[in-house]
Amino acid sequence: MLRPIDFRSVAWTDGFLAERVAVCREASIPAMGRLMAQGTYKPFLEHFEIAAGMKRGAYHGAQWNDGDFYKWLEAALASHAMKPDPALGRLIDRSIAAIAAAQREDGYLHTPILIRQRNGDRSAQPFGDRFAFEMYNMGHLMTTACLDHRTTGRTELLTVAEKAAEFLHVAFQNPTPELARNSVCPAHYIGLVDLARETGDPAHLELAERLFAMRDLVSAGGDDNQDRVPWNRQDEVVGHAVRANYLYCGAADLFAATGRETMFAPLPTLWHSLATKKQYVTGGCGALYDGASPDGAAAQEQITRIHQAYGRNYQLPQTTAHNETCANIAGMMWSWRMMLLTGEAKYADAVETALYNSVLAGVDLAGTNYFYSNPLRVVDPLPTELRFPRTRQPFFTSFCCPPNLLRIIAQVGGYALAVSEDAITANLYGSHRLTTTLRSQPLRWTMTTGYPWDGAIRISVDECPAEPFAVRLRIPAWADEAAITINGEPATIAAAAGSYAELRRRWSPGDVVGLNLPLRARLIEAHPLVEEATGQVAVVRGPIVYCLESADLPAGTKMDEIVLASDAKFVAQRSPDLFAGAATLRTTATFRKTIPWGDRLYRELTRDAGEPVGVQLVPYFAWNNRGPGEMSVWLRVE
């Protein structure tokens, strides 16, 4: 079992990830902090101050807005730990003070209820509504409090989190089937395990186990909260994608903390269900804004209406694809945990695919506008009215995704590397300086690379333990001609695609490891049952999925008028003024003018020889940074 490295051990120096972290630190976190502190759209911070009696007012917002604020605070704490900022530090202090003041004496902390109680509403009671997201909010509180304690050593917020855990301990001492259904979007499993690790108090872990086991009390559940089937019988990812992925993360954390095989047993099968039948090429998941599960089953009484649903196997629409940013993030978090538990490279491949595509697509390059949904195609006009826009926005009424994204970017160094007793594992490649310990001795190295735009990676050992240890390098599944050198000489270990190459030796300062991952543009086709992708291909280079935008087409040209050749050749180009230096791909496609359809649904096939046209494909994560327009990941192919 591997351990994640402390994100503070990885100092990004330049390149792709360094750029995204810098934008997050300098633009995203301060802008969101102002938004939440000033109540520009909703009174996030003010809700705690009202609940504490510091201000007067009512609650205005979604039931999960406390959790949104905790996630922003987690991002702010991580950023402040890496590079202290006095103004951000003052806002952090104000936030923690307000949270602590709002907490009820018995540990309960959920401002929608607390504000109603303060305003005289005697009907407002904890756990009166299973969709009030109390457990979700408290789970994010615990995770944030642990980060605060770990990075600063102070205990004020950690004490708040422990009091909240004690409240849950009392509230669920004698659970009923009705109480058991209060685990909607179960961030509390993750939070309680974090709390147990940070404090060393086994009571928090025991509570997490008890709350997880409590799920099996539900006798009339549904797939909306993954409680139609007991945990040990689950073999297909179903229902609300965010809730499902948080559940799977919680089970993985509980297994890591307890070693109980019953927690882990369903996870490989569930992950296989996602990876082989319900995940987009971008790593996105949760295909349907509204769905039903199990859709089409013979047992009709079991069907549950689902929001943000996984849908049926191979049901992966493009234009109406939902792929909420939170679902994509939680899916990435789950894959990361599976890699730590198993050491298998396929899970780290999935982390990279999601991070570089469906996750980072959630925020624009400037760092202040966001996507809630992440479709794979945008057409004008859209075939149906859709709730969430296909252009990034500074705010959504459901504001869960933006702060979730910021906390991931701010701590992305923690995903780059993992450690065990005598090995360090490289998962994400980007220029950085590493400062950590291995075998209780200092380990420092410098990684330099232009990845993911360039496949050459160089690791220079600056300081290391005297005893032998292993450096494990992830060789992505697409890197079928990878090569490794040590001090300029070919390594004797094979660099097999889809594995970790383990270089075990006695290292010395000055040693240099070279890894070359040849990057080539590949045409990817979908399984035949992914019907919306029939006769189409996606273009992928290294870990980056590409798309075509109407901004790169002649005026008036539609997406469905562009056809790629099955042997299309692509040229990668980079410009510092375009997409923050990302590589774009140029090729020659065929333009075939479409005869207007009018109101016809079907017609006789027509053929047009077409004419050549030069096109540029851009990284999917960077689409919609040049104004509104059409976009498609999947393109027609000869």
How would you list, by chain and number, every residue that makes a side-chain hydrogen bond (donor to acceptor under 3.5 Å, both in side chains) with [X], sequence neighbours excluded?
| X | value |
| --- | --- |
| Arg522 | none |
| His240 | Gln308 |
| His80 | none |

Inspect the surroundings of [atom1] in [X] and state if more than 12 heavy atoms from other residues, nucleotides or ligands are less than 6.0 Å away.
| X | atom1 | answer |
| --- | --- | --- |
| Glu166 | CD | yes |
| Arg433 | CZ | no |
| His272 | NE2 | no |

Under 3.5 Å, which donor-acceptor pairs do the side chains of residues 419-426 form with other protein atoms, sequence neighbours left out?
residue : atom : partner : partner atom : Å
Asp422  : OD2  : Arg504  : NH1          : 2.9
Thr425  : OG1  : Arg472  : NH1          : 2.8

Pairwise side-chain contact, [X] with [Y], heavy-atom cut-off 4.5 Å (strictly under):
| X | Y | result |
| --- | --- | --- |
| Leu355 | Phe621 | no |
| Ser9 | Asp6 | yes |
| Leu417 | Val10 | yes |

Start with the C-alpha gap between Val160 and Leu158, add the side-chain angles, then the distance that decides, and say whether side-chain contact (heavy atoms from CB on, under 4.5 Å) holds.
CA-CA 5 Å; Val160 173; Leu158 189 68; over 6 Å; no
Under the salt bridge (Lys or Arg N to Asp or Glu O under 4.0 Å) test, which residues partner [X], sequence neighbours left out?
| X | result |
| --- | --- |
| Arg505 | Asp511 |
| Arg458 | none |
| Arg506 | none |
| Asp227 | Arg181 |

Which pairs count as salt bridge (charged side-chain N to carboxylate O under 4.0 Å, His left out) when at least one residue sits in residues 326-335, sequence neighbours excluded?
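Matches after skipping sequence neighbours: none remain.
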With salt bridge (charged side-chain N to carboxylate O under 4.0 Å, His left out) as the rule and sequence neighbours excluded, what pairs involving residues 321-336 come up?
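Output for this query is empty, none listed.
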Minimal non-hydrogen separation, [X] against [Y], with atom names:
| X | Y | answer |
| --- | --- | --- |
| Ser28 | Leu406 | CB-CD2, 3.5 Å |
| Gly283 | Asn328 | O-OD1, 4.4 Å |
| Asn374 | Asn323 | ND2-O, 3.0 Å |
| Leu195 | Ala161 | CD2-O, 3.9 Å |
| Ala418 | Asn427 | N-ND2, 3.7 Å |
| Ser431 | Thr448 | OG-CA, 3.5 Å |

Enumerate the side-chain hydrogen bond (donor to acceptor under 3.5 Å, both in side chains) contacts for residues 257-269, please, sequence neighbours excluded, ordered by first and then second residue.
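Checked against side-chain hydrogen bond (donor to acceptor under 3.5 Å, both in side chains) - neighbours excluded - the pairs reaching residues 257-269 are Glu209-Arg260.
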Contact list for residues 68-79, test side-chain hydrogen bond (donor to acceptor under 3.5 Å, both in side chains), sequence neighbours left out
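Output for this query lists Asn65-Asp68, Lys71-Tyr136, Glu74-Arg407, Glu74-Gln411.
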Side chains of [X] and [Y] only: does a donor on one sit below 3.5 Å from an acceptor on the other?
| X | Y | value |
| --- | --- | --- |
| Asp223 | Ser293 | yes |
| Trp271 | Ser335 | yes |
| His432 | Trp445 | yes |
| Arg197 | His204 | no |

As a quick check of understanding, evaluate side-chain contact (heavy atoms from CB on, under 4.5 Å) for Thr437 and Leu443, giving each step before the final call.
CA-CA 5 Å; Thr437 59; Leu443 172 61; over 6 Å; no
Determine the sole option in Phe16, Tyr620, Tyr415, Trp453 for which the ring-ring contact (aromatic ring centres under 6.0 Å, His included) test with Tyr356 is passed.
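Of Phe16, Tyr620, Tyr415, Trp453, ring-ring contact (aromatic ring centres under 6.0 Å, His included) with Tyr356 is met by Phe16 alone.
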Out of Phe133, Tyr246, Phe69, Trp64, which residue meets the ring-ring contact (aromatic ring centres under 6.0 Å, His included) rule with His140?
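So the option named by the test is Tyr246.
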Audit row: Glu236, Lys278, salt bridge (Lys or Arg N to Asp or Glu O under 4.0 Å) steps and yes/no:
CA-CA 10 Å; Glu236 179 184 356; Lys278 298 192 179 185; 2.7 Å; yes
Could you go through the side-chain contact (heavy atoms from CB on, under 4.5 Å) check for Arg20 and Leu360 one step at a time?
CA-CA 9 Å; Arg20 294 299 89 211; Leu360 286 178; 4.2 Å; yes
Kindly say whether the aromatic ring centers of Trp334 and Tyr347 come within a distance under 6.0 Å.
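No; Tyr347 has its ring centre 6.0 Å or more from that of Trp334.
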Can you tell me how far CD of Glu206 sits from CG of Leu211, rounded to the nearest 0.5 angstrom?
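Taking CG in Leu211 and CD in Glu206, the distance rounds to 8.5 Å.
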To the nearest 0.5 Å, what is the distance between NE2 (His169) and CG (Leu192)?
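Here the rounded value is 12.0 Å.
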Relative to the ring of Tyr429, is the ring of Tyr451 parallel (under 30°), tilted (30 to 60°) or perpendicular (over 60°)?
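Rings of Tyr451 and Tyr429: perpendicular, over 60°.
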